[in-house]
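Below, all heavy atoms of this structure are taken into account, side chains as well, without hydrogens, waters or symmetry copies.
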Amino acid sequence: MNLRFVEAFHWAASLRSVTRAAQKLHITQSALSSRIASLEEELGVVLLDRRDKQFRLTVAGQRFHTLAQRLLEVQRQVKEEMGGGGGAGRPVALRIGAIESVVHSWLTGWLQEVRAANPDFELELTVETSPVLVDQVRRGAQDLVFAAIPAADGGGVRTRAMASMPMAFVGRADLHTKRRYGLPELADHDLLTFQRGSQPHQALLQTFQESGLPLPRVHAISSISAMVQLVEGGFGIATLPVAVAEQLAKRLSLRVLRSDTDLEPLPIHASYREDPSSQLTESVLDSAIDYVARQRTSPASGKARMAPTARKR
């Protein structure tokens, strides 16, 4: 049995699409359909119900999908034990998606460690909003995504919670010079936060609702780069992850403002597809979780994370 044909069927069944499976395997749709047809001829059964445009597995197709996963897992194990698997020199190619907060904080440092451990590491990076990334990993367009919302477990997708990112008010260094800001003083400025409906946007609105203060003018910005440019231009004060602000402050005129008000941390979730190659993805994800934990517990970062806030609300 040709395992390339088994792999073609596995991805079509997992992604519930011949088109997306062909994109995943970097072959044409006709080539993938041909492989599945050859597999059906060899097995003597029909695996895909082709009577209409809806993607459906036959009863035999559903049974064989379970067996196909086992076959591909055995193939992976054989390659590893016989030296054709995850040994030195094997390219590690992953499609990774991340929100801007991750990109501007720990992503680069972590990827440098991954590349040091795997010199042939190949990266395909997508930077998008959380809803887009979650949709992409569910459709099989990404192997691993770091987003502010989880992808619901099931349908071949798993999610692991990562360390959340402390948030703070961030202003222009030479303009917002007070030693400490109370919420009424912050409300005197235009406030910039993430896109409407996002966790930081909702958390900021809730902060003012609970305080009883009038809601200031709040601008919803979908790009951290645009938000930072507006802060530098004196347009207002932004809410950003502390780690992001610290990185950007090294080269831009930004300052994390000490405040009497805590902002809700930004949650980070890692979602990935469960398939015969997921062991590799999980290994890469473990390294990301370890890297973030080391960054948070280092003496320098620990001191910086405590600086923006003084007490709980």
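For the pair Q202 and F194, the minimum side-chain heavy-atom distance is 4.5 Å or more. Counting heavy atoms from C-beta on, the side chains of E185 and S259 never come closer than 4.5 Å. Contact check for L39 versus L47: side-chain heavy atoms found under the 4.5 Å cut-off. In this structure the side chain of V145 never reaches within 4.5 angstrom of the side chain of I96, judged on heavy atoms. For the pair F208 and P216, the minimum side-chain heavy-atom distance is below 4.5 Å. Two residues are said to be in side-chain contact when any heavy atoms from C-beta on lie closer than 4.5 Å; Y291 and W106 meet this criterion. Side-chain contact between V292 and M162: present, with at least one pair of heavy atoms (C-beta onward) separated by less than 4.5 Å. In this structure, the side chains of H269 and F146 stay at 4.5 Å or more apart for every pair of heavy atoms.
In the model, S105 has no side-chain atom that pairs as donor or acceptor with a side-chain atom of Q247 under 3.5 Å. A donor-acceptor pair shorter than 3.5 Å can be found between the side chains of T19 and Q29.
For CZ of R196, the number of neighbouring non-hydrogen atoms (other residues, nucleotides, ligands) closer than 6.0 Å is 12 at most.
From H104, atom NE2 reaches atom OG1 of T108 across 9.5 Å, with rounding to the nearest 0.5 Å. Put simply, CG on L240 and CD on E246 are 11.5 Å apart, with the number rounded to the nearest 0.5 Å. Atom CG of residue N2 and atom CD of residue E7 lie 10.0 Å apart, to the nearest 0.5 angstrom.
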Worksheet item: Are L254 and V231 close enough, and set up right, to give a side-chain contact (heavy atoms from CB on, under 4.5 Å), and what steps lead you there?
Response: CA-CA 8 Å; L254 299 179; V231 171; 3.8 Å; yes
Practice prompt. Take V157 and Y272, measure what side-chain contact (heavy atoms from CB on, under 4.5 Å) needs, and give me the verdict at the end.
Written response: CA-CA 6 Å; V157 175; Y272 62 95; over 6 Å; no
Item to complete: Determine, step by step, whether E42 and S38 satisfy the side-chain contact (heavy atoms from CB on, under 4.5 Å) criterion, reporting the C-alpha distance in whole Å, the side-chain angles of both residues, the deciding distance to 0.1 Å, and the verdict.
Response: CA-CA 6 Å; E42 180 178 356; S38 297; over 6 Å; no
Worksheet entry | Q62 and T58: CA distance, side-chain angles, deciding distance, side-chain contact (heavy atoms from CB on, under 4.5 Å) verdict | CA-CA 6 Å; Q62 293 172 359; T58 63; over 6 Å; no
Worksheet item: Between T129 and Q195, does a side-chain hydrogen bond (donor to acceptor under 3.5 Å, both in side chains) hold up when you go through it step by step?
Response: CA-CA 9 Å; T129 60; Q195 63 267 23; 4.9 Å; no
Worksheet item: So E122 and R115, salt bridge (Lys or Arg N to Asp or Glu O under 4.0 Å) or not? Walk me through it.
Response: CA-CA 8 Å; E122 296 176 2; R115 186 177 60 180; over 6 Å; no
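Within the 3.5 Å criterion, the main-chain N or O of A203 finds a donor-acceptor partner in the side chain of T207. At distances below 3.5 Å, not a single donor-acceptor pair connects side-chain atoms of R158 with backbone N or O atoms of A270. A donor-acceptor contact shorter than 3.5 Å links the side chain of R255 to the backbone of H176. For the pair T239 (side chain) and F169 (backbone), a donor-acceptor distance under 3.5 Å is absent. Distance alone, capped at 3.5 Å, places no donor-acceptor pair between the R160 side chain and the S271 backbone. With R172 contributing its side chain and S253 its backbone, the two residues share no donor-acceptor pair below 3.5 Å. Remark: the backbone N or O of Q142 is not paired with any side-chain donor or acceptor of R273 at under 3.5 angstrom. A donor-acceptor contact shorter than 3.5 Å links the side chain of R20 to the backbone of L15. With T159 contributing its side chain and A151 its backbone, the two residues share a donor-acceptor pair below 3.5 Å.
F64 and V45 fall within the same hydrophobic cluster, defined by Ile, Leu, Val, Met, Phe, Trp and Tyr side-chain heavy atoms under 4.5 Å apart, directly or through other members. When hydrophobic clusters are built by joining Ile, Leu, Val, Met, Phe, Trp and Tyr residues whose side-chain heavy atoms come closer than 4.5 Å, directly or via intermediates, V127 is not grouped with I149. Note on V134: it does not cluster hydrophobically with L107, by side-chain heavy-atom contacts below 4.5 Å among ILVMFWY residues. Placement of I224 and F235 within a single hydrophobic cluster is found when ILVMFWY residues are connected by side-chain heavy-atom separations under 4.5 Å, directly or transitively. Under a hydrophobic clustering in which Ile, Leu, Val, Met, Phe, Trp and Tyr are joined whenever their side-chain heavy atoms come within less than 4.5 Å, directly or via other members, V6 and L67 fall into the same cluster.
Of all heavy-atom pairs spanning L133 and G97, the tightest one is CD2-CA, 3.7 Å. Between A168 and V256, the closest heavy-atom pair is CB-CG1, 3.8 Å. Considering all non-hydrogen atoms of both residues, T177 and A173 come closest at CG2-O, 3.5 Å. When all heavy atoms of V170 and A245 are compared, the pair lying nearest together is CG2-CB, 3.7 Å. Nearest heavy-atom pair, L266 versus S101, reported as atom, atom and distance to 0.1 Å: CD2-OG, 3.6 Å. The nearest pair of heavy atoms linking G171 to L257 is N-CG, 3.8 Å.
With respect to E113 and R294, a salt bridge is recorded, a charged nitrogen being found less than 4.0 Å from a carboxylate O. Using a 4.0 Å cut-off between charged nitrogen and carboxylate oxygen, D143 and K24 count as a salt-bridge pair. E40 has no carboxylate O lying under 4.0 Å from a charged side-chain N of R35, or vice versa, which leaves the two without a salt bridge.
By the 30° and 60° cut-offs, the orientation of the rings of F9 relative to H65 is perpendicular.
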